[in-house]
Amino acid sequence: MADRYEPHVIEPKWRARWEETRLYAAPDDDPRPKWYALTMFPYPSGDLHTGHWYAMAPSDVGARYRRMLGHNVMFPMGFDAFGLPAENAAIKRGIDPREWTYQNIDRMRGQLRLMGASFDWDREVVTSDPEYYKWTQWWFLQFYKHGLAYQAESLANWCPGCQTVLANEQVVDGRCERSDDVVQRKMMRQWFFKITAYAEELLRYDGIEWPERIRNMQRNWIGRSEGAHLDFKVDVPGATEPLTVFTTRPDTVFGATFMVIAPEHPLVERITTGGQRAAVDDYVAATARASEIDRLSTEREKTGVFTGAYAVNPFNGAHVPIWIADYVLVTYGTGAIMAVPAHDERDFAFARKYGLEVIPVYTHPNVDITTPIAAAFPHGTAMANSGPFDGTPEAEAVAKVVAYAEERGLGKGAVTYRLRDWSVSRQRFWGAPLPFIHCAKCGTQPVPDSDLPVVLPEKVQFMPTGQSPLTLSEEWVNVPCPNCSGPARRETDTLDTFMCSSWYQMRYADPHNPERPFSAEAARKWFPVDQYTGGAEHAVMHLLYTRFFWKAARDMGLVEGDEPMARLFNQGVVLGPDGNRMSKSRGNVVAPDDQVEKWGADCFRCQLMFVGPWDQGGPYNPTGMSGISRWLNRLWSLVVEPPSLIDLPDAPATRELRRATHKTIVAVTEEVEEFRFNTMISRLMEHSSALQRAREAGSVDRAAWDEGVRTAVLLTAPLAPHITEELWERLGNGYSVHTQAWPVADRALAHDDEVEIVVQVNGKVRDRLSLPAGSSEAAVRAAALALPRVQQAVEGRTVRKQIFVPDRLINIVV
RNA sequence: GCCGAAGUGGCGGAAUGGCAGACGCGGCGGUCUCAAAAACCGCUGAGCACACGCUCGUGUGGGUUCGAAUCCCACCUUCGGUACCA
């Protein structure tokens, strides 16, 4: 019955069986220890591409491995289904975004099933289902009630292409992360989440294993800096409130020779003198016109305008001019700085250009501070020109100045973060409506929980202007105020889709609960995610937001523990065969469906994992498929065409085969634990070759052969789930290979009897010795010195030293 | 500019202080075949010897060590992140 390996026959057969028997369902009442494995859910673009396979198939291997270790594994899948592409399709082609999205989901479900991943489809979530976004809205109200959501008029990142506001995290190099349009700045009323309230805690990663790379990116993004707020009086009649600056260098305050405030700073209007009014107005207008890109370019020469007003340095009473300049950002710190040109390059450049005073307040071994300095020097030896502080060493300076300021009420120590509150309102249709009603009498009122979900209207008009149809749907917008029942209007902004994905992993635990987002029992049962996998491009978006969301939920008493995902692994980016990012324009796109048709899903899965380390990504090589295909065919033939089997328990060949098998278990187990799938597969290939050699050599011991083949099938099961299921059955075992226990190695059998020891003379390899494992140094030395080649090299010289590494090497130094 | 990762055969890569190039692709030779495909076996870093061998070789230059792809210093290149953040 030596039939051939035909993936297109066995793969659909087993997938159907798995679904019928709900093999991968994760029951809530299973007593085994739980394992929550999660891979980032896709946006339903309508086509599952190789990148999705590259992200998900290895993640599936991890989940399957845990299942074989005896865990009750939950490995759910769903769709991040709100978002702009659906709406753009509606605007361009007149297709209803709902229809477009759900058709795509249907298609992608089918494509996902081809992968043969062990997803628990009973737990599927679709973020655009009212049953899901009801709870997204509910969450928003919870944040609102706990003071973590607020609306404010502020300078927003406006993407003209997407016709909506973007969060800072969605602006990349001054451009929209999605559409690449240059982002404009616009004053708008928006909703925010107070993520900054958690800035400090988000910097800590206690008790979780996240890659250093991601932690670094998040830390940089949060951008904590320590310093002080210092209050300068404004020397303008009628101005009572101080001009507060943030500085990381309060120790240089005596060198502050001018102030710079952002053009958008509220004080600009009040302090500008009559003579400077025109110049200031021009500058403010020019700044408003400039794009974020122009403004942020560090190459650009600094510009600014004098306001005509002066501030008073609280430390020495000096009157210093107040300038406005766009190198000071209204969104960071207090939007105002004290400029210390002697010790800050930017301030120095500005002072040079406008002829402002430069006063060094530090001594420096290489700088004469009694004459004009040629460049700013950020650090010095001891304070100077600083009145009572002169002579203070730099290391003590900041603390001393801050203490002085606090004593006298001139300011106080402060920490500032680069992170800003998360802007979550979007001026678009295809998202979860913000559950608020604006009433002229009662103000902004939350929609009562009992009225959730606020459902998107059907049959709406999409305008090519990009204007949200919600603003045009009169019957949807006009509602009675929940407070006074008077006429009121619905909020027409919808939520950033990152809000939907911030809690999806919670919903998977209890996806059909109509009463609440998840039950307390489900939370206790499943949280946190044990292993999360996904792309690093989400480092400062999804991966930061979801941590914030979790911490907020914890403080509301809804979840326990400080982090949503215990372990994170970031896969790399899979490239086209030419080493470039896959793209239609380059014509290097590999379509998974084609590969499955040609080679089978098992083969494609394995090839993606075999090309290199998962975290590094790299080119997908279609010609390499034949190597994987040969290996799977070999595995097939080992099962269906065994050699003649006899009992030879004590034969050296038997011992050797069993050693190969047990060594493979040891190695493969380590590699799957660490997600090193490329070397895992190469180990399995070596084992197949060992079985192959044994078969070619003649009769094989029955027990050793059975153990070898059975082990090969079990160890390969997570990687290639279909073929192994078929082979498992053909070996006469019961369904299913995927619920079997992971093989355990017998260390004694894996151990070598004989080892090869490298013999070096002066660090150069001269010969090799085959000796019993664990040979003593004296024995190895004697054997080594007896070798003709060693004798030749050592002859006539004295042995000065010898290095011995047991079972590895001996090095004789002469 | 700053932070991080990486540079190894014709190609993807393995080896994280101890035999560089595991495993695979590609290439060359062979077995089987009327032939081809498939399958299987052997060889495949460079140079010299073309046999036993020898020398060189992991981006570049230095260092530590009996011994370095691996550790340290400087530099070059590529990729990712970030960038007037006071």
Side-chain angles (χ1 to χ4, degrees), chain A residues 4 172-174 211-221 223-225 227 245-250 252 260 262 295-302 325-329 331-340 343-347 349-350 416-420 536-537 539-540 572-573 575 577 579 606-607 610-613 615-631 633-634 637 676 678-686 688-689 692-693 696 756-768 789 800-805 808-814:
Chain A
R4 311 239 329 239
V172 177
D173 292 333
E212 185 57 37
R213 177 152 128 257
I214 298 293
R215 290 186 288 169
N216 242 319
M217 286 188 199
Q218 293 196 344
R219 273 195 220 103
N220 290 341
W221 186 260
R224 182 183 198 274
S225 39
V245 300
F246 174 73
T247 176
T248 55
R249 297 296 305 278
T252 62
V260 186
R295 189 167 170 192
L296 290 179
S297 166
T298 48
E299 320 290 280
R300 216 187 57 174
E301 203 179 335
K302 297 188 183 1
D326 64 5
Y327 80 90
V328 171
L329 310 175
T331 44
Y332 183 78
T334 62
I337 64 161
M338 61 175 204
V340 184
H343 303 292
D344 181 285
E345 269 180 50
R346 295 156 303 181
D347 297 344
F350 195 81
T416 289
Y417 302 90
R418 212 189 72 112
L419 179 74
R420 292 171 216 162
E537 68 275 14
V540 298
V573 179
L575 305 171
C606 289
Q607 175 63 9
F610 186 63
V611 289
D615 56 344
Q616 278 171 36
Y620 165 79
N621 178 6
T623 61
M625 286 294 265
S626 52
I628 295 289
S629 177
R630 272 198 268 271
W631 167 57
N633 271 293
R634 172 174 291 182
S637 105
R676 293 200 313 247
N678 57 332
T679 48
M680 177 184 178
I681 291 171
S682 65
R683 292 287 189 169
L684 289 165
M685 285 173 167
E686 283 177 299
S688 297
S689 299
Q692 161 88 14
R693 272 195 306 277
E696 296 294 307
E756 195 175 65
I757 295 174
V758 172
V759 181
Q760 296 182 337
V761 177
N762 287 347
K764 293 202 171 187
V765 180
R766 290 297 157 186
D767 211 339
R768 271 141 220 163
R789 284 209 213 118
R800 289 218 323 265
K801 193 175 173 184
Q802 107 190 354
I803 284 97
F804 176 68
V805 183
R808 300 288 292 268
L809 158 145
I810 185 159
N811 185 12
I812 296 161
V813 186
V814 295

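Naming: A, B, ... by sequence-line order, numbering from 1 per chain. The model shown is predicted, which means the values in this text are computed figures rather than measured ones.
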*Of all heavy-atom pairs between A:Arg766 and A:Val761, which one has the smallest distance, and what is that distance?*
CG-CG2, 3.8 Å
_Once you apply a heavy-atom cut-off of 4.0 Å, does A:Arg768 come out as touching a base, just sugar-phosphate, or nothing?_
base
*Report the nucleotide, chosen from B:A20, B:A83, B:C3, that has the shortest atom-to-atom distance to any side-chain atom of A:Asn216.*
B:C3
*If we take the C1' atom in both B:U16 and B:A6, what is their distance in whole Å?*
14 Å
*asked:* Which residues pass the salt bridge (Lys or Arg N to Asp or Glu O under 4.0 Å) test with A:Arg630, not counting sequence neighbours?
replied: none
*Report the distance from atom CZ of A:Arg676 to atom C1' of B:G13, rounded to the nearest whole Å.*
14 Å
_Can you check the distance between B:G57 and B:A20, where both ends of the measurement are the P atom (answer in whole Å)?_
12 Å
*Check salt bridge (Lys or Arg N to Asp or Glu O under 4.0 Å) between A:Asp347 and all other residues, then give those that pass, not counting sequence neighbours.*
none
*Among B:C25, B:A86, B:A14, which is the nearest nucleotide to the side chain of A:Ser225?*
B:A86
_Nearest listed nucleotide, side chain of A:Ser626, among B:G13, B:A22, B:G26_ = B:G26
*Just how far, in rounded Å, is C1' of B:G13 from CE of A:Met680?*
18 Å
*Would you say the base of B:C19 and the side-chain of A:Glu756 have a donor-acceptor pair closer than 3.5 Å?*
yes
*Kindly indicate whether the side chain of A:Met217, heavy atoms from C-beta on, has any atom under 4.5 Å from the side chain of A:Asn220.*
no
*asked:* Distance check, C1' atoms only: B:G4 and B:A14, in whole angstrom units.
replied: 24 Å
*Does A:Arg4 make a side-chain N or O approach to OP1 or OP2 of B:A38 shorter than 4.0 Å?*
no
*Looking only at side-chain atoms of A:Ile337, point me to the closest of B:A22, B:A86, B:G80.*
B:A86
_Interatomic distance at P, B:U58 relative to B:A46, whole Å_ = 15 Å
_Partner set under side chain to side chain contact (heavy atoms under 4.5 Å, CB included) for A:Arg418, not counting sequence neighbours_ = A:Trp221, A:Tyr332
*Using whole Å, report how far CD of A:Gln616 lies from P of B:G13.*
7 Å
*Dot-bracket, RNA chain B: Watson-Crick or G-U, under 3.5 angstrom, [ ] crossing, | other strand?*
(((((((..(((.....[....)))((((((.......))))))((((....))))..(((((..]....))))))))))))....
Identify each atom pair where a protein N or O and an N or O of nucleotides 10-12 of chain B are less than 3.5 Å apart, giving names and distance.
residue: B:G12; atom: O2'; partner: A:Val611; partner atom: O; Å: 2.4

Please list, one pair per line, the donor and acceptor atoms closer than 3.5 Å that link side chains of residues 619-629 of chain A to other protein atoms, with sequence neighbours excluded.
residue: A:Tyr620; atom: OH; partner: A:Gln595; partner atom: OE1; Å: 2.6
residue: A:Asn621; atom: OD1; partner: A:Thr623; partner atom: N; Å: 3.0
residue: A:Asn621; atom: OD1; partner: A:Thr623; partner atom: OG1; Å: 2.7
residue: A:Asn621; atom: ND2; partner: A:Thr623; partner atom: OG1; Å: 3.4
residue: A:Ser626; atom: OG; partner: A:Thr623; partner atom: O; Å: 3.1

*asked:* Distance check needed: B:G80 C1' versus A:Ile214 CD1, whole Å only.
replied: 11 Å
*Rounded to whole angstrom, note down the P distance from B:A69 over to B:C19.*
10 Å
*Taking everything shown except A:Glu345 itself, do over 12 heavy atoms lie less than 6.0 Å from its CD?*
no
*A:Arg420 side chain near A:Thr331 side chain, heavy-atom distance below 4.5 Å*: yes
_B:A35 and B:C48, which share atom name P, separated by this distance in whole Å_ = 38 Å
*When the C1' atoms of B:U77 and B:C28 are considered, how many whole Å apart are they?*
34 Å
*asked:* Need to verify one output field. Residue with the more 5' nearest nucleotide on RNA chain B, A:Met625 or A:Glu696?
replied: A:Met625
*Look at the side-chain N and O atoms of A:Arg418 and state whether any lies under 4.0 Å from the OP1 or OP2 oxygen of B:A86.*
no
*Have a look at A:Asn678 and say if it touches a base, only the backbone sugar-phosphate, or nothing, with a 4.0 Å heavy-atom cut-off.*
sugar-phosphate
_By nearest atom, which of the nucleotides B:C25, B:A14, B:A86 is closest to the A:Thr679 side chain?_
B:A14
*When you compare B:G21 with B:G12, how far apart are their C1' atoms, in angstrom units rounded to a whole number?*
13 Å
*Please report, rounded to the nearest Å, how far the P atom of B:A83 is from the OH atom of A:Tyr332.*
13 Å
*Contacts of A:Arg676 that satisfy side chain to side chain donor-acceptor pair (under 3.5 Å) - sequence neighbours left out*: A:Glu674
_Nearest-angstrom distance from the residue atom CG of A:Leu809 to C1' of B:G17_ = 11 Å
*Does A:Arg213 make a side-chain N or O approach to OP1 or OP2 of B:G81 shorter than 4.0 Å?*
no
_Taking any heavy-atom pair under 4.0 Å as a contact, classify A:Thr416: base, sugar-phosphate, or nothing._
nothing
_B:G7 glycosidic torsion: syn (within 90° of 0) vs anti_ = anti
*Listed partners of A:Ala349 passing side chain to side chain contact (heavy atoms under 4.5 Å, CB included), at least two apart*: none
*side chain to side chain contact (heavy atoms under 4.5 Å, CB included) with A:Val260: which residues, sequence neighbours excluded?*
A:Phe258, A:Ala325, A:Tyr327, A:Val328, A:Ile337, A:Ala339
*Tell me which of A:Arg249 and A:Val540 sits closer to the 5' end of RNA chain B, going by the nucleotide each one is nearest to.*
A:Val540
*Side-chain heavy-atom pair A:Arg768, A:Val759 within 4.5 angstrom cut-off*: no
*Gap between atoms CZ and P, on A:Arg215 and B:A5 respectively (whole Å)*: 12 Å
*Residues in side chain to side chain contact (heavy atoms under 4.5 Å, CB included) with A:Arg693, at least two apart?*
A:Ser689, A:Ala690
*Identify whether the distance between the nearest side-chain nitrogen and carboxylate oxygen of A:Glu756 and A:Arg808 falls below 4.0 Å.*
no
*Kindly point out which of B:A86, B:U82, B:G18 is positioned nearest to the side chain of A:Val805?*
B:G18
*asked:* Holding to side chain to side chain donor-acceptor pair (under 3.5 Å), I want the full list of residues that pass it with A:Thr248, two or more places apart in sequence or in another chain.
replied: none
_Whole angstrom value for the distance that separates P of B:A39 from CH2 of A:Trp631_ = 16 Å
Nucleotide N/O to protein N/O under 3.5 Å, stretch nucleotides 64-70 of chain B:
residue: B:C66; atom: OP1; partner: A:Lys801; partner atom: NZ; Å: 3.0
residue: B:C66; atom: O2; partner: A:Asn811; partner atom: ND2; Å: 2.1

